[in-house]
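Chain letters run A, B, ... following the sequence lines, proteins first, then strands; residues in each count from 1.
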Number of protein chains: 2
Amino acid sequence: MAVPVVDQPSTRDRILTAALDAFADRGVEATSLDAVAAELGIRKQTILYWFPSKEQLLLDVVDHAVDELGRIVSDAARSARSRTRSGSGAADESPHVPTLADRLTAVVDATFRLGTTRPQLLAVLREVTRLGPPGSTRLASAVEPLAGEAAEALGRPADQPRLKEILLAASARVVGLATEAEVRTDLGLAPDLAWLRRSRQDLIKSLLDSLLPGLNDLTRVSKH
Amino acid sequence: MAVPVVDQPSTRDRILTAALDAFADRGVEATSLDAVAAELGIRKQTILYWFPSKEQLLLDVVDHAVDELGRIVSDAARSARSRTRSGSGAADESPHVPTLADRLTAVVDATFRLGTTRPQLLAVLREVTRLGPPGSTRLASAVEPLAGEAAEALGRPADQPRLKEILLAASARVVGLATEAEVRTDLGLAPDLAWLRRSRQDLIKSLLDSLLPGLNDLTRVSKH
DNA sequence: CTCGCTGTCTACCAAGTGGTAGACACTGTA
DNA sequence: TACAGTGTCTACCACTTGGTAGACAGCGAG
């Protein structure tokens, strides 16, 4: 009955997202609990009520971020449509079942879109790896099962043992690209759409190369 | 007369390098002046004697790092030997004048070697861009003239207006790659020599593509 | 009404931070 | 010897940090 009209996010969740944002763009050490609290209009002691220490908060933020990332990636993989091959007028030659390439493209695109939609998500990963343990180890263990899940979403069960490594490597690449983009703007380079497109293409291509090692023709991936 | 047998680095220089290392692998905010001082066996007040504030120390560290980086790159470019094209037994077809491709390869190799020899140098760049102003702006202005100098060392004066942008983009790419490598190990991926080689090749290739836009054949770059 | 629980608050603390003031030792010069 | 300059030190300060202790308000159940 007492369901709120808009069910507002719990204090705990509000703290998590605010901390994620702050950690991502000001850094963890540079972010005080007071600062996060102030941003939410609460006191630092309320944060310490929900999270026993700043370190624990960071670990939970990592989990939170990985969760969100995993959801986005899985959704993208599952809702991938098969690409219309040439031009707009063509009828769909292969019907609605997306190929592996389609799914990979969807995932990569979703991730790249993340770079402008929610850059904190990638930034916090970088920040955590920079800080080292315990955050980085938590990140590793949180990402680990996610890679398996993503493999599932890609429609490829365990028949490719290296799949997990490949996906992890791709994640690392994306974080690297995000860093590269940031450094580019810092060095005074104008935003370069061509660079972005090229990076996207390279990533997709290298993923396909790893997953379908038999292929030499790169432009079109035939049905199975 | 009183020339020391080994002229030890000045206190100022010792502080600079110690601070660079600390900033690079623990982060700037996480590094206290006390910590840097302790590592050198001196007191924090001695640091503040040479550098009026921590912020100024950071700026000088940036200059120091960029200087060192510039020296390494320039040296590599200047001392580049022309590659022996095929096998070891072949006589040098083109004599001792290295082509642009040779110089670029030398520079890229030197930079990659840096990744294992002196990773702090790249890490501190990343850290500074992460922190934002004033460090990042200082980095930008310190790197700016260096790009011109590197252009000189490459044997290509001002006849390529985009050259500076291309070199800056390459720097950004290298920092991105360094980050990618770090994230890879954090995610539990084993060091991958093949990945390193591929990244090297891609970087050289994309540099050549940008610098010699007319080319389609990528494997061999003829004299002039 | 009262009790216990939950969530937020005020008040405080010990430790650590960057930075200042000034004493002290060592040098070369007059 | 006296002196000025340089480099390092001890002593201290104002401030911020993460974290603790405990008061207090609201609330549903008995």
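- Pairs engaging residues 139-148 of chain B under the salt bridge (charged side-chain N to carboxylate O under 4.0 Å, His left out) rule: B:Glu144-B:Lys164 [sequence neighbours left out].
- For the pair A:Arg26 CZ and D:dT17 P, the interatomic distance rounds to 11 Å; values are reported in whole Å.
- In this structure, the CG atom of B:Asp34 is 11 Å from the C1' atom of C:dG19, given to the nearest Å.
- Contact annotation: B:Thr11 reaches the phosphate of D:dT8 (side-chain N/O to OP1 or OP2, under 4.0 Å).
- In this structure A:Leu16 satisfies the side chain to side chain contact (heavy atoms under 4.5 Å, CB included) test together with A:Arg12, A:Asp13, A:Phe51, A:Leu57, A:Asp60, A:Val61, A:His64, sequence neighbours excluded.
- Rounding to whole angstrom units, CG of residue A:Leu40 and P of C:dC9 are separated by 10 Å.
- The heavy-atom pair separating B:Glu180 from A:Ala169 by the smallest distance is OE2-O, 4.5 Å.
- Remark: A:Ser32 is not in phosphate contact with D:dT16, judged by side-chain N or O atoms under 4.0 Å from OP1 or OP2.
- For the contact set between residues 42-52 of chain B and DNA chain C, defined by any heavy atom under 4.0 Å, the members are B:Lys44, B:Gln45, B:Leu48.
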N/O-N/O pairs, protein side and nucleotides 24-26 of chain D side, under 3.5 Å:
none

Could you list the donor-acceptor pairs under 3.5 angstrom formed by side chains in residues 128-137 of chain A, with sequence neighbours left out?
residue: A:Thr129; atom: OG1; partner: A:Arg126; partner atom: O; Å: 2.8
residue: A:Arg130; atom: NE; partner: A:Glu127; partner atom: OE1; Å: 3.3
residue: A:Arg130; atom: NH1; partner: B:Glu127; partner atom: OE1; Å: 3.2
residue: A:Arg130; atom: NH2; partner: A:Glu29; partner atom: OE1; Å: 3.3
residue: A:Arg130; atom: NH2; partner: A:Glu127; partner atom: OE1; Å: 3.4
residue: A:Arg130; atom: NH2; partner: A:Glu127; partner atom: OE2; Å: 3.1
residue: A:Thr137; atom: OG1; partner: A:Pro134; partner atom: O; Å: 2.8

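- Taking the charged nitrogens against the carboxylate oxygens, B:Asp209 and B:Lys205 do have a contact shorter than 4.0 Å, which makes a salt bridge.
- Counting only distance, with no hydrogens or angles, the side chain of B:Thr185 and the backbone of B:Glu182 share a donor-acceptor pair below 3.5 Å.
- Among the atoms of the strands shown, none is found under 4.0 Å from any heavy atom of A:Ser10.
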Could you list the donor-acceptor pairs under 3.5 angstrom formed by side chains in residues 187-194 of chain A, with sequence neighbours left out?
residue: A:Asp192; atom: OD1; partner: A:Ala194; partner atom: N; Å: 2.9
residue: A:Asp192; atom: OD1; partner: A:Trp195; partner atom: N; Å: 3.2

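- In this structure, A:Ser171 contributes its side chain and A:Leu167 its backbone to a donor-acceptor pair below 3.5 Å.
- Summarising the geometry, the separation between CG on A:Leu58 and P on D:dG18 is reported as 12 Å, rounded to the nearest angstrom.
- If you measure from atom CD of B:Gln56 to atom P of C:dG19, you get 11 Å, rounded to the nearest angstrom.
- The CZ atom of A:Phe23 sits 12 Å away from the C1' atom of D:dG18 (whole-angstrom rounding).
- A donor-acceptor contact shorter than 3.5 Å is absent between the side chain of B:Lys54 and the backbone of B:Leu48.
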